[in-house]
There are 2 protein chains.
Amino acid sequence: MTIRIVIAEDQGLVLGAIAALLALESDFEIVGRAADGDAALALVRAHTPDILLTDIEMPGRTGLDCAQVLAAEKARTAVVIVTTFARPGYLARARAAGVRGYLLKDAPVDTLVAAIRTVAAGGRVIPPELAAAAWEAGSDPLTDRERDALRLAEEGLSNKDIARRLGLSPGTVRNYLSEAAGKLGAANRIEAGRTARANGWL
Amino acid sequence: MTIRIVIAEDQGLVLGAIAALLALESDFEIVGRAADGDAALALVRAHTPDILLTDIEMPGRTGLDCAQVLAAEKARTAVVIVTTFARPGYLARARAAGVRGYLLKDAPVDTLVAAIRTVAAGGRVIPPELAAAAWEAGSDPLTDRERDALRLAEEGLSNKDIARRLGLSPGTVRNYLSEAAGKLGAANRIEAGRTARANGWL
DNA sequence: CCCCGCGGGTGACATCTGTCACTGGGCCCG
DNA sequence: CGGGCCCAGTGACAGATGTCACCCGCGGGG
């Protein structure tokens, strides 16, 4: 009863290291490695492994995107997310995409190995403190346009420039950013951007 | 002739994985693992390994801080930095601290193993494209106070709040941020903060 | 059918930011 | 000793930003 795994992670060193780590377990078999989301999907389709172990932030398709695609295809591969960030919005999207495990890179290695076994056996692994934090944070209060404006504001663009890019009037952009700041309890666009990002809403 | 190594990395999973990877090489010996800079220094002092392999961004003392301390102590342990970020300012500080190797986590695993062997044999490993980028970027143009102000501005504080925190007048803060933006070719504090951070100057 | 929420927009206003000019003090270096 | 820096501050002004009130059109649900 070996557990067949595909690993996706954009940092080559980390990818190789995790693969080396998991290869030490006699009941694990690494059937593929990918450095981005599209490669990961291709490998999953080619090998239908038991587990897709994936990072979230990758070039092109993110790990969450992959999970969504696989859920839509009703693939029999279970997704386990391993990420640096404990952002509530990420966890929420993961849950919605039917992800079966969500771990932080902070965790000790035993946790990863144990989580893979649990998920392969049909279980779920979501650390309770993450779930609690996600509960605290509530759900994304931003509208799509507010998110768009905030993303550009984060990069240091002025209202005028944001308006140009979005095809809006500068006044509307001001309103969006003002609303966003209000919803997020922020005093200005910078703080608004920071809290939105910290929560995984951008 | 085994190469004795201490590894410092704050993300438990990555730490464990890299340790597992390096342990596969028969001439490497992992004599210690640390999750922050202070622990790393303690281990280096206790074991005087051939190599300290360290991340930069860690809680407490950073990997660069550790390299500086070891250089000041004229320790015989060579430092190899492994980081996510190709920031010119990081590379410059690493060079100044006598770091002997600087790698990105993007690199394939062979690169790491090869780099460790090279450094242990007395060599240096700095990827030429990083060195070129650092040359391009020049050196940190900011003064200490400008950096202080910019750091707080990044967090969304107003001039008044920054002034309060730094014990300055709001006008002075405005001047600092304006100068910083000018030096960095930025249109406002947000852009200034971004470019300063991208260059490793914050 | 009517109302609400949402996207989009306008105008006005207060405040905040960015920019410039100019004043000092302290310090280091030629 | 003078010149150059960094640091700190002041004053003034234009333009950007944040806030509010209020407008319209559209689509969906009671």
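Values below: all heavy atoms of this structure, side chains included; hydrogens, waters and symmetry mates excluded. Since the model is a prediction, treat every value here as computed from it, not as a measurement. In what follows, every chain begins at residue 1, and chains take the letters A, B, ... in the order their sequences are listed.
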Cut-off 3.5 Å, no hydrogens considered: what does the side-chain donor-acceptor table look like for residues 8-18 of chain B, sequence neighbours left out?
| unit_1 | atom_1 | unit_2 | atom_2 | d |
| --- | --- | --- | --- | --- |
| B/Glu9 | OE1 | B/Lys105 | NZ | 3.0 |
| B/Glu9 | OE2 | B/Gln11 | N | 3.0 |
| B/Gln11 | NE2 | A/Thr84 | OG1 | 3.3 |

Worksheet entry | With sequence neighbours excluded, residues passing side-chain contact (heavy atoms from CB on, under 4.5 Å) with B/Ala75 | B/Leu70
Fill in: Contact list for DNA chain C against residues 165-187 of chain A - heavy-atom distance below 4.0 Å
A/Leu168, A/Ser169, A/Gly171, A/Thr172, A/Arg174, A/Asn175, A/Tyr176
Worksheet item: Between the axis at one end of the helix from C/dC1-D/dG30 to C/dG30-D/dC1 and the axis at the other (five pairs apiece), what's the angle to 10 degrees?
Response: 20°
Worksheet item: Would a distance-only check, ignoring hydrogens and angles, find a side-chain to backbone donor-acceptor pair under 3.5 Å from B/Thr54 to B/Gly63?
Response: no
Practice prompt. Sort and list the pairs that fulfil salt bridge (charged side-chain N to carboxylate O under 4.0 Å, His left out) and have at least one residue in residues 44-53 of chain A, not counting sequence neighbours.
Written response: A/Arg45-A/Glu73, A/Asp50-A/Arg76
Discussion item. When you compare the side chain of B/Glu155 with that of A/Glu191, does any pair of heavy atoms fall below 4.5 Å?
Written reply: no
Practice prompt. Under 4.0 Å from any atom of DNA chain C, heavy atoms only: list the residues of residues 137-154 of chain B that qualify, in numerical order.
Written response: none
Practice prompt. Walk along DNA chain C from 5' to 3' and tell me the first and last nucleotide with an atom closer than 4.0 Å to a non-hydrogen atom of chain B.
Written response: C/dC16 to C/dA21
Worksheet item: Is it true that atom CD of A/Glu136 has more than 12 heavy atoms of other residues, nucleotides or ligands lying nearer than 6.0 Å?
Response: no
Worksheet entry | Distance in Å, B/Arg4 CZ paired with B/Thr48 OG1, rounded so as to fall on 0.5 Å steps | 6.0 Å
Worksheet item: Side chains of B/Thr172 and B/Asn175: donor-acceptor distance under 3.5 Å anywhere?
Response: no
Worksheet item: Considering residues at least two apart in sequence or located in another chain, which fulfil the side-chain hydrogen bond (donor to acceptor under 3.5 Å, both in side chains) criterion with B/Arg93?
Response: none
Practice prompt. Using the salt bridge (Lys or Arg N to Asp or Glu O under 4.0 Å) rule, take A/Glu25 and A/Arg117 through it: C-alpha gap first, then chi angles, then the decisive distance, then the call.
Written response: CA-CA 11 Å; A/Glu25 305 295 318; A/Arg117 292 221 173 84; 3.0 Å; yes
Name the atoms and distances for all side-chain donor-acceptor pairs under 3.5 Å in residues 176-185 of chain A, with sequence neighbours left out.
| unit_1 | atom_1 | unit_2 | atom_2 | d |
| --- | --- | --- | --- | --- |
| A/Lys183 | NZ | A/Pro141 | O | 3.1 |
| A/Lys183 | NZ | A/Glu146 | OE1 | 2.9 |
| A/Lys183 | NZ | A/Glu146 | OE2 | 3.1 |

Item to complete: Would you please confirm or rule out a distance under 4.0 Å between OP1 or OP2 of D/dT17 and any side-chain N or O of A/Asn159?
Response: yes
Fill in: For A/Arg165, side-chain contact (heavy atoms from CB on, under 4.5 Å) partners two or more places apart
A/Leu152, A/Leu157
Worksheet item: Just how far is it from atom CG of B/Leu91 to atom CZ of B/Phe85, taken to the nearest 0.5 Å?
Response: 14.0 Å
Discussion item. Applying side-chain contact (heavy atoms from CB on, under 4.5 Å), can you list everything that pairs with A/Leu104, at least two apart in sequence or on another chain?
Written reply: A/Thr83, A/Ala86, A/Tyr102, A/Asp106, A/Leu130
Item to complete: State, yes or no, whether a side-chain contact exists between B/Glu29 and B/Ile3 at a heavy-atom distance under 4.5 Å.
Response: no
Worksheet entry | Positions of residues 190-202 of chain B (non-hydrogen atom under 4.0 Å from DNA chain D), listed by number | none
